[in-house]
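Reviewing the structure listed below.
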Amino acid sequence: MGTVTSPKQDRSRATRRRLMEAAIECLAEHGWAGSTVAVVAERAGVSRGAAQHHFPTREDLFTAAVEHVAEERLRKLRAIADATSMTMGPARRYAVVETVVGLYTGPLFRAALQLWVAASHDDGRLRERVTALEARVGRETHRMAVTLLRADEGRPGARETVQGFLDMARGLGLAGLLTDDSARRERVVEQWVEILEGVLGR
């Protein structure tokens with residue numbers, strides 16, 4: 001039997017989710033310096049006290065928010081991996097490359113980048129938590145990319161090529177922060193499909 005939740009628990013979950021989504025939006029739009037608990041609470045439509053009830057510190061709020069949306073990103077990848085009926089070939093690899101690049105070029109990446117920059121200047125808890133989170137998400141993203149691309153990591157160069165592809169996707173996310181990089185991105189995506197075809201096999 002499934003767990004029965006009370007209306008109070010449901011409201012609490014909904015409030016927590018609103019806060020995390022508002023935190024991502026604030027980070028993406030205003031950066032770390034402009035994203036305070038008060039600003040996020042106002043955007044989420046809750047009191048600052050309610051926000052601090054769910055997330056006692058600013059670090060708690062923003063690391064939880066990035067982790068939450070990172071998990072959403074991984075869920076999307078898992079859903080694609082489960083739908084494996086399409087025969088592997090250029091069309092499937094193009095769809096995988098395009099999807100992964102899209103995950104690195106949206107609001108989550110912009111928000112996560114702001115958190116990474118803040119953590120890089122921090123010698124305490126924020127740096128420790130963000131480093132651990134990024135390592136875990138990075139490992140899972142690599143694993144999902146291997147599954148989606150049906151890469152045989154025993155094949156020479158396969159693991160490095162998949163990692164290079166993920167690094168490229170992250171780089172495209174950086175390139176698109178200040179200007180619309182979509183035209184060049186399309187050509188890069190097409191080239192990486194060719195690279196993956198050549199290394200991973202047709």
Side-chain angles (χ1 to χ4, degrees), residues 20-21 23-29 31-32 62-63 65-120 130-131 133-153 155-202:
M20 289 190 291
E21 290 173 350
I24 290 294
E25 291 169 2
C26 286
L27 267 182
E29 292 175 18
W32 177 255
F62 287 103
T63 52
V66 171
E67 182 170 21
H68 165 71
V69 186
E71 285 298 333
E72 290 290 319
R73 181 177 77 186
L74 291 172
R75 267 195 286 276
K76 288 180 182 178
L77 289 177
R78 290 186 194 107
I80 297 168
D82 289 341
T84 55
S85 58
M86 188 188 298
T87 302
M88 181 53 73
R92 178 181 169 85
R93 284 215 169 99
Y94 183 89
V96 171
V97 170
E98 192 174 45
T99 299
V100 173
V101 166
L103 295 174
Y104 278 105
T105 52
L108 169 63
F109 179 80
R110 191 179 292 264
L113 180 62
Q114 297 291 339
L115 194 64
W116 297 339
V117 171
S120 72
V130 172
T131 299
L133 171 61
E134 178 56 22
R136 184 175 65 79
V137 171
R139 284 193 302 270
E140 181 65 7
T141 302
H142 182 94
R143 189 183 72 79
M144 292 306 304
V146 167
T147 300
L148 286 165
L149 294 165
R150 297 180 188 168
D152 176 5
E153 291 195 287
R155 188 171 183 153
R159 180 176 181 80
E160 293 76 12
T161 301
V162 172
Q163 189 57 56
F165 158 56
L166 294 174
D167 290 342
M168 176 277 301
R170 193 177 290 112
L172 287 177
L174 286 170
L177 285 174
L178 297 177
T179 59
D180 182 1
D181 199 48
S182 53
R184 186 178 71 90
R185 185 187 310 156
E186 178 68 22
R187 296 193 298 272
V188 173
V189 165
E190 290 172 357
Q191 184 61 40
W192 263 94
V193 172
E194 288 295 316
I195 292 170
L196 290 165
E197 286 285 292
V199 176
L200 303 182
R202 295 181 181 274

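The first residue of the sequence shown is numbered 1, and numbering continues consecutively from there.
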Spacing of CD belonging to Glu197 relative to CD belonging to Glu194, to within rounding of 0.5 Å: 7.0 Å
With sequence neighbours left out, which residue pairs that include part of residues 162-179 fulfil the side-chain hydrogen bond (donor to acceptor under 3.5 Å, both in side chains) condition? His142-Gln163, Gln163-Asp167, Asp167-Arg170
All salt bridge (charged side-chain N to carboxylate O under 4.0 Å, His left out) counterparts of Glu98, not counting sequence neighbours: none
Are Arg143 and Glu140 close enough for a salt bridge, meaning some N to O gap below 4.0 Å? yes
What pair of heavy atoms forms the shortest contact from Ala169 to Val101, and how long is it? CB-CG2, 4.1 Å
Just to verify, what does Glu21 make a side chain to side chain donor-acceptor pair (under 3.5 Å) with, not counting sequence neighbours? Arg17
If you define the side chain from C-beta out and look only at heavy atoms, does anything of Leu174 sit under 4.5 Å from Leu113? yes
Residues that Thr161 engages under side chain to side chain donor-acceptor pair (under 3.5 Å), provided they are two or more places apart: none
Run the ring pair (Phe, Tyr, Trp, His ring centres under 6.0 Å) test against Trp32 and tell me which residues pass, sequence neighbours left out. Phe62
Over all heavy atoms of both residues, which pair between Ala151 and Val162 is shortest? Give the atoms and the distance, please. CB-CG2, 4.0 Å
For the residue pair Leu166 and Ala145, what are the closest heavy atoms and their distance? CD2-CB, 4.2 Å
Please name all residues satisfying salt bridge (charged side-chain N to carboxylate O under 4.0 Å, His left out) with Glu29, sequence neighbours left out, ordered by chain then number. Arg43
Side chain to side chain contact (heavy atoms under 4.5 Å, CB included) with Asp152: which residues, sequence neighbours excluded? Arg155
Rounding to 0.5 Å, atoms CG (Leu133) and CG (Leu115) come to a distance of 8.0 Å
Going by salt bridge (charged side-chain N to carboxylate O under 4.0 Å, His left out), name the residues that satisfy it together with Arg136, two or more places apart in sequence or in a different chain. Glu67, Glu71
All salt bridge (charged side-chain N to carboxylate O under 4.0 Å, His left out) counterparts of Arg75, not counting sequence neighbours: Glu72
For Ala175 versus Arg184, what's the shortest heavy-atom pair and its separation? CB-NH2, 3.5 Å
All heavy atoms of Ala28 vs all of Arg110, minimum pair found to be O-CD, 3.2 Å
I need the full list of ring-ring contact (aromatic ring centres under 6.0 Å, His included) pairs touching residues 93-118, with sequence neighbours left out, sorted by first then second residue. Phe109-Trp116
Value rounded to 0.5 Å, distance of CG in Leu149 from CE in Met144: 10.5 Å
One should read off an interatomic distance between Glu186 CD and Leu172 CG, to the nearest 0.5 angstrom, of 11.0 Å
With Glu160 via side chain to side chain contact (heavy atoms under 4.5 Å, CB included) - residues at least two apart: none
Please name the pair of heavy atoms, one in Leu196 and one in Arg93, separated by the smallest distance, quoted to 0.1 Å. CB-CD, 4.0 Å
